[in-house]
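The structure under discussion appears below in the form of C-alpha cells.
Residue numbers begin at 1 in each chain, while the letters A, B, ... track the order of the sequences. For clarity, every value in this text was computed on a predicted model and none was experimentally measured.
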There are 4 protein chains.
Amino acid sequence: MGQLTAPRRARSAEAKADRARALEDAALAALERVAWPDLAVAQVARDAGVAKGTLYLYFPTKESLGLALVGRLLGRWFDDVIASLDLARAPLSPHAAAERIVATVERHRTLLPLLAISGTLLEANVAADAARGFKAELLRRTLEGGAALERAMGTLRPGEGARLFLHLHALVTGLYRMAEPAPVVRAVLRTPRFRALRVEFTTELTFAFTALLVGVVAQRDRLPASRS
Amino acid sequence: MGQLTAPRRARSAEAKADRARALEDAALAALERVAWPDLAVAQVARDAGVAKGTLYLYFPTKESLGLALVGRLLGRWFDDVIASLDLARAPLSPHAAAERIVATVERHRTLLPLLAISGTLLEANVAADAARGFKAELLRRTLEGGAALERAMGTLRPGEGARLFLHLHALVTGLYRMAEPAPVVRAVLRTPRFRALRVEFTTELTFAFTALLVGVVAQRDRLPASRS
Amino acid sequence: MGQLTAPRRARSAEAKADRARALEDAALAALERVAWPDLAVAQVARDAGVAKGTLYLYFPTKESLGLALVGRLLGRWFDDVIASLDLARAPLSPHAAAERIVATVERHRTLLPLLAISGTLLEANVAADAARGFKAELLRRTLEGGAALERAMGTLRPGEGARLFLHLHALVTGLYRMAEPAPVVRAVLRTPRFRALRVEFTTELTFAFTALLVGVVAQRDRLPASRS
Amino acid sequence: MGQLTAPRRARSAEAKADRARALEDAALAALERVAWPDLAVAQVARDAGVAKGTLYLYFPTKESLGLALVGRLLGRWFDDVIASLDLARAPLSPHAAAERIVATVERHRTLLPLLAISGTLLEANVAADAARGFKAELLRRTLEGGAALERAMGTLRPGEGARLFLHLHALVTGLYRMAEPAPVVRAVLRTPRFRALRVEFTTELTFAFTALLVGVVAQRDRLPASRS
DNA sequence: TATGAATGAGTGTTCATTCAT
DNA sequence: GATGAATGAACACTCATTCAT
C-alpha cells in the first residue's frame with residue numbers, strides 16, 4: 001500500500017528505513033491508547049501491515065523499538081527546543097528561557113510518557129549496542145541543546161547548559177508522573193482535601209526549571225562547575 | 001532465610017500488626033536482591049515464615065504490600081527529615097536546608113527505588129481505599145514536613161514548604177533513575193565520552209533542591225503562591 | 001439475636017438443629033444470588049451470624065451442606081406433592097395428574113437449580129454416610145410419593161408410581177438446564193432463528209410427564225414391570 | 001502417551017483443522033480418565049504433542065475446546081441417528097423408533113458425560129460467538145434429525161420431530177446422571193434396599209422416549225403443536 | 001525478506017478446610 | 001462449642017521471541 005514514489009536505487013536501504021519508521025509510527029499511535037506494558041508487539045506489527053516476525057527483522061526486542069521511538073521523539077523535541085532558543089532575542093532571562101523551553105515540552109507531550117519509562121522499562125532489556133547508540137544520540141543532542149541554551153542566555157558557562165538539560169529531564173520525568181497518576185489515584189486526588197498533592201505539570205515545571213536556571217548561576221561558587 | 005519470626009495465630013491487633021510488618025520486612029529484604037516485577041509473592045511469604053494465603057490475609061494484592069512498604073519507609077524518612085529540621089538552628093540558608101534534607105535522603109536510600117516505582121507499578125493496581133489511605137498519610141506528612149521546613153528557614157510563606165516537598169519528590173524520583181540506570185546502560189556510561197550524561201545523585205539533588213529553595217522566594221512575585 | 005423462646009431442656013439438641021437450619025437458610029438465600037460454585041462458605045457463615053469454623057461443626061463439607069439443603073427442599077416438595085395428590089378426587093387422568101404435579105414443581109422453583117447440580121457437584125464430594133442418609137430419605141419420599149400417585153390415578157400397579165418419580169426427576173433436571181441456560185447462551189437463543197431450541201419449562205415438563213404417565217400403562221406389556 | 005501426531009507448523013487450513021482435531025482427540029482421551037473440572041489444559045496439550053500456547057492458538061478457552069468436542073461428537077451421533085432412521089422401513093412404530101434411536105445413543109456413550117456438562121460447565125464460560133456457532137450447528141442437526149424422525153414414523157407433524165429431539169436431549173442428560181452417579185453414591189446404591197433408586201440407562205431411556213413418541217401424537221389436541 | 005505458527009516460562013490469587021486458642 | 005487465623009494446592013492464560021517454510 002502506498003509506494004507512490006518510483007523505486008529508487010537506494011531502494012533497499014530506504015525501504016528498510018521506511019519500514020522501521022512505519023513500525024515506530026504504529027507503536028506511537030497505539031501508545032496513545034494503551035500504556036507500554038499493555039502494548040502488544042503483535043498489534044504493532046498488524047497496524048503497520050506486516051507480520052510479527054517482520055518486526056523482529058527491524059528491532060531485536062520490543063524495548064529496542066520503544067527506545068528507537070523515544071530517540072526519534074527526543075530528536076524532534078531537541079530540534080524544536082534548539083530552534084526556539086536560537087530564534088529568541090538574546091539574552092533571555094531565566095524565566096523567559098524556562099518558559100520558552102517548557103513551551104516546547106508542551107508541544108511534544110507524546111514524548112513524556114515514553115521518557116518517563118525509558119529509564120526503567122526500556123533501557124532494562126536492550127542490547128549494549130542499542131543502549132550505546134541511544135545514549136550517543138542523547139549526548140549529542142544534549143550538548144547541542146546545552147550550547148543553544150548557553151547562547152540564548154548569555155550568562156551560562158560552557159557545560160552548564162548541558163547540565164541543565166539533564167536536570168530538565170529529571171524534572172520532566174518526576175513531575176509528569178505526579179501530574180498524570182493512575183486512574184484510581186487521580187480519582188482519589190480529585191477530593192478537595194488532597195488539593196495540596198495535585199500537580200499541574202506546566203506550572204510546576206516552569207517554576208522548577210526557572211529556579212534551576214537562576215540557581216546554576218547563583219551556586220556557581222559553591223559547587224564544582226563540572227561534575228565527576 | 002528468615003523464618004526467624006513465626007508466631008502462630010496472630011489474634012490480637014498488635015500481633016496482626018507484627019505479622020504485617022514481618023511480611024513488609026521480608027519484602028524489603030527481598031527487594032535488596034530483585035526488582036519489584038521479579039519479586040515473587042510466594043518468596044516473600046516463605047521468607048516471612050508463613051503460607052502464601054496468609055500474606056493475602058494482610059494484603060489484598062501484591063501492590064498493596066508494596067504500597068504499605070513505601071508508606072512505612074516514607075514515614076520513617078519524614079520522621080528523620082522533620083527531626084533534622086527541627087534540630088537545626090534557624091534560620092537555615094537555602095543551601096544549608098537543602099544539604100540537611102538531602103542528607104536524610106541519603107540515610108534512607110532503600111526508600112528510593114520503591115519511591116521511583118510507587119507512581120507506576122504500585123499505584124496502578126491498588127484499590128481506591130488503599131490509594132486513599134496512602135495519599136492521606138502522604139498528605140499529612142508532606143504538610144508536616146513543609147511546616148518544619150518553613151520553621152527552619154523562616155523565609156517561606158505558609159504552604160510553600162509543602163510545595164517544595166512535592167518538588168523534592170519529583171527530583172528524587174527523576175534523578176535517582178538517571179543516577180542508577182540499568183546494568184547495560186551503566187556499562188555504556190562508564191566510557192569517558194559519556195561523562196556528561198552521568199549523574200551523581202547527591203550532588204545533583206543538592207544542587208537542584210538548593211536552587212528550588214532559592215527560587216521559591218525569588219519567583220514569589222511572578223507565580224501564584226498557591227497552586228489550583 | 002433472636003432467642004425469644006425460653007431455653008428448654010432439650011436445648012442442646014434443639015439449638016443444634018436450629019443452628020444447622022440457620023446455616024441452610026443462609027445458604028439458600030445466598031443461592032438466590034449466586035450459583036453453587038460461587039457460593040462462598042465464608043459468606044454463608046457470616047450471613048448466618050457464625051464463624052466459618054462453626055459451620056464445619058455442623059457440616060463436614062460444603063457439599064454436605066448443599067445436600068442437606070436439597071434434602072430439606074426435596075422433603076418440602078414431596079409434602080406438597082403428596083398433599084396435592086391426596087387432595088385430588090381420584091381417579092386422575094394422566095394429564096390431570098401431570099398438571100397437578102407440575103404445579104407443585106412450579107411452587108418449589110428454588111429446588112430446581114439445586115436438584116440440577118445435586119447429581120454432579122453435590123454428591124461428588126460427600127462422605128458415604130451423608131450420601132446414604134440423603135438417598136435413604138430420597139427413597140422413602142419417592143416411595144411415599146409413588147404410592148400417593150398410584151392412589152390418585154388408580155390405574156398404576158405397585159412400584160410404577162415410584163418409577164415415575166424417578167423419571168420426573170430426570171425430566172426436571174434435564175429440562176431445567178435447557179430452560180435456564182447460561183446468560184451468554186440465553187442471549188444467543190433470543191434470536192428468532194433459534195426459536196426451535198428454546199424450552200419453556202412448564203409446558204415441556206407437563207407435556208413430557210403426561211406422556212410418561214400414559215406410556216407407563218401402555219407399555220406395560222412390552223417392558224418388564226420391575227427394573228433390575 | 002500420545003504425541004504420535006506432531007506435524008510441525010500447520011500452515012494450510014487443512015493442517016490447522018487436523019491440529020485442532022488432534023487437540024480434541026487428546027482431550028477426549030483424557031476425559032476417559034478424569035472429569036472435566038480435573039482436566040488440565042497443560043496435559044491435553046502435552047498429549048497432543050504441542051505446547052500449551054499452541055492449544056490457545058486453536059481454542060480461546062478451555063471451555064471452547066470442550067464445546068468443540070461436544071459439537072463434534074454430537075455431529076457424529078446425529079449422522080448415525082439420521083442414517084439409522086433413514087435406513088428403516090417406514091413407518092416405524094413409536095417403540096421401534098425409540099429403540100433405534102436409543103441404540104445410536106448406546107453407540108455414542110462418550111458423548112454422554114460431555115453432553116451432561118455442556119449446559120453447565122461448558123456454555124458458562126464461552127464467548128457469544130462460540131456459543132452461537134455451537135447452537136447454530138445444534139439447531140441445524142436438530143432440525144435434520146427431527147425431519148428424519150418425521151419421515152421414519154410417518155405420523156408426526158412438521159416440527160414435532162425436532163421437539164422430540166429436544167426432549168430426548170433432556171432425558172439423556174437427566175437419566176445419564178442418575179444412571180452414572182459419583183462413586184460414593186454408586187456404592188451406596190448397590191445396597192439391595194436402594195434397588196428402587198437404581199436407574200438402568202438404556203431401559204429407562206427407551207421407556208421414556210417411547211412414551212414421548214406415543215404422547216406427542218396423543219396429546220396433539222391438548223397442547224399447542226408449536227412452542228412459543 | 002517475509003511470514004505467522006509454535007513456543008513455554010512464569011504467578012498472583014482463591015477458598016474449602018483445619019486447628020490453635 | 002465457637003472462633004477466625006492459617007493453610008497451600010491448584011491452574012488457566014499471555015505474549016515476547018523464535019524459526020520452519
When you compare the side chain of [Y] with that of [X], does any pair of heavy atoms fall below 4.5 Å?
| X | Y | answer |
| --- | --- | --- |
| B:V184 | A:E123 | no |
| D:L73 | D:E24 | no |
| A:T54 | A:R19 | yes |

Separation of atom [atom1] in [X] from atom [atom2] in [N], rounded to whole Å:
| X | N | atom1 | atom2 | result |
| --- | --- | --- | --- | --- |
| C:Y56 | E:dA16 | OH | P | 6 Å |
| D:R11 | E:dT3 | CZ | P | 11 Å |
| A:L121 | F:dA16 | CG | C1' | 14 Å |
| C:N125 | E:dC15 | CG | P | 16 Å |

Looking for any heavy atom pair under 4.0 Å, which part of the strands does C:R46 touch: base, sugar-phosphate only, or nothing? nothing
Report which part of the nucleic acid A:Y58 touches: base, sugar-phosphate, or nothing (heavy-atom distance under 4.0 Å, all strands). sugar-phosphate
Counting only Watson-Crick or G-U wobble pairs whose two distances fall under 3.5 Å, which nucleotide matches E:dG12? F:dC11
Complementary nucleotide for F:dA20 - Watson-Crick or wobble, under 3.5 Å: E:dT3
Can you name the nearest heavy-atom pair linking A:L114 to A:L28, along with the distance? CD1-CD1, 4.4 Å
Can you tell which of [options] lies closest to the side chain of [X]?
| X | options | answer |
| --- | --- | --- |
| D:R9 | F:dA5, E:dA16, F:dC19 | F:dC19 |
| B:K52 | E:dT13, F:dT3, F:dA5 | E:dT13 |
| C:K62 | F:dT3, E:dG12, E:dT17 | E:dT17 |

Mapping C:T54 and D:A42 onto DNA chain F by nearest heavy atom, which one lands closer to the 5' end? C:T54
